[in-house]
Amino acid sequence: VGMAAAPVARPAAAQVPADRAALEELGERLADLADTIQLRRAWEAPTPDGAGPESAALGDLRHGFIALRLAELSSPRWYRRAEASFERAARAEPGWPYPPYGKALAKYGISEAQRADPLEIGTQVGVGALDDAVSALAAAIALDPAFEPALVALDRLAQRLNRPDYWRRALAAVRQA
């Protein structure tokens, strides 16, 4: 059985070390920011127009990380907005590991919000979102086996869950990396 040679891919903008560093710097700046008004202004600010899907994907990633921070500080509904932003980024640049990684963070936040809601009853509350988070992290690792943020997040999530099925999936993703 013969296989076609894989096309040589040009490095995607978010996969260039400088852009990854810029995304990591954005995350650090957002972690230090506790002013929700300032975060809302950043969310509402137009993203710089650029040529092509790379620019759109970077803008969606920016929006996604801002929405994650807003969810942490104000309302869990922002997790859904973050998830939508990361999904748009994934559609624009399906080969980047940051969109599935961000989606995993959003799904984890959704799960935690569901578990913290006193109106949610049952032992499996939030498990669906956690399952989605594990799948998204595995997808990020499949795209870039050396993508450290996803590897660390998958390890932490698997340890926290302490469920054999998640451990197996996490181990499979790491082995594949």
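Side-chain contact between F147 and R20 is present, with at least one heavy-atom pair separated by less than 4.5 Å.
Taking CG from L30 and CD from Q38, the interatomic distance works out to 10.0 Å, rounded to the nearest 0.5 Å. Here E148 contributes atom CD and I141 contributes atom CD1; the two are 11.0 Å apart, rounded to the nearest 0.5 Å. To the nearest 0.5 Å, atom CG of residue L23 and atom CG of residue L58 are 6.0 Å apart. For the atom pair CG of L137 and CG of D132, the computed distance is 11.0 Å after rounding to the nearest 0.5 Å. Atoms CG and CZ, on L70 and R77 in that order, are 8.5 Å from each other to the nearest 0.5 Å.
Contacts classified as salt bridge (charged side-chain N to carboxylate O under 4.0 Å, His left out) and involving residues 30-42 (residues at least two apart or in different chains) are given here: R40-E44.
Qualifying side-chain hydrogen bond (donor to acceptor under 3.5 Å, both in side chains) partners for S135, counting only residues two or more places apart in sequence or in other chains: R169. For Y79, the ring-ring contact (aromatic ring centres under 6.0 Å, His included) criterion is met by no residue, not counting sequence neighbours. Applying the salt bridge (charged side-chain N to carboxylate O under 4.0 Å, His left out) criterion to R29, with sequence neighbours excluded, gives E25. Partners of A139 by side chain to side chain contact (heavy atoms under 4.5 Å, CB included), not counting sequence neighbours, listed by chain and number: P100. Among residues two or more places apart in sequence or in another chain, the side chain to side chain contact (heavy atoms under 4.5 Å, CB included) test is passed with A113 by P76. Y101 is linked by a side-chain hydrogen bond (donor to acceptor under 3.5 Å, both in side chains) to nothing, counting only residues two or more places apart in sequence or in another chain. Residues satisfying the salt bridge (charged side-chain N to carboxylate O under 4.0 Å, His left out) criterion with E28, sequence neighbours excluded, are absent altogether.
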Are W43 and R62 close enough, and set up right, to give a side chain to side chain contact (heavy atoms under 4.5 Å, CB included), and what steps lead you there?
-> CA-CA 8 Å; W43 167 265; R62 179 183 160 277; over 6 Å; no
Evaluation steps, side chain to side chain contact (heavy atoms under 4.5 Å, CB included), between D144 and Y98 | CA-CA 10 Å; D144 183 352; Y98 266 100; over 6 Å; no
Worked verdict on L68 versus F65 for side chain to side chain contact (heavy atoms under 4.5 Å, CB included) | CA-CA 5 Å; L68 284 176; F65 287 116; 3.9 Å; yes
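Across L151 and A146, no two heavy atoms sit closer than the pair CD1-C, 4.4 Å. Between A133 and L157 the shortest heavy-atom distance is CB-CD2, 4.0 Å.
With hydrophobic clusters built from ILVMFWY side chains whose heavy atoms lie under 4.5 angstrom apart, L33 shares a cluster with L73.
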Please output the side-chain donor-acceptor pairs of residues 82-90 that fall under 3.5 Å, not counting sequence neighbours, one pair per line with the distance.
from	atom 1	to	atom 2	distance (Å)
E83	OE2	K107	NZ	3.1
S85	OG	R81	O	3.2
S85	OG	R88	NH2	3.1
E87	OE2	K103	NZ	3.3
R88	NE	D60	OD1	3.3

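A distance-only check finds no donor-acceptor pair linking the side chain of S75 to the backbone of A71 [under 3.5 Å]. Side-chain N or O atoms of R69 include none that pairs as donor or acceptor with a backbone N or O of L39 at under 3.5 Å.
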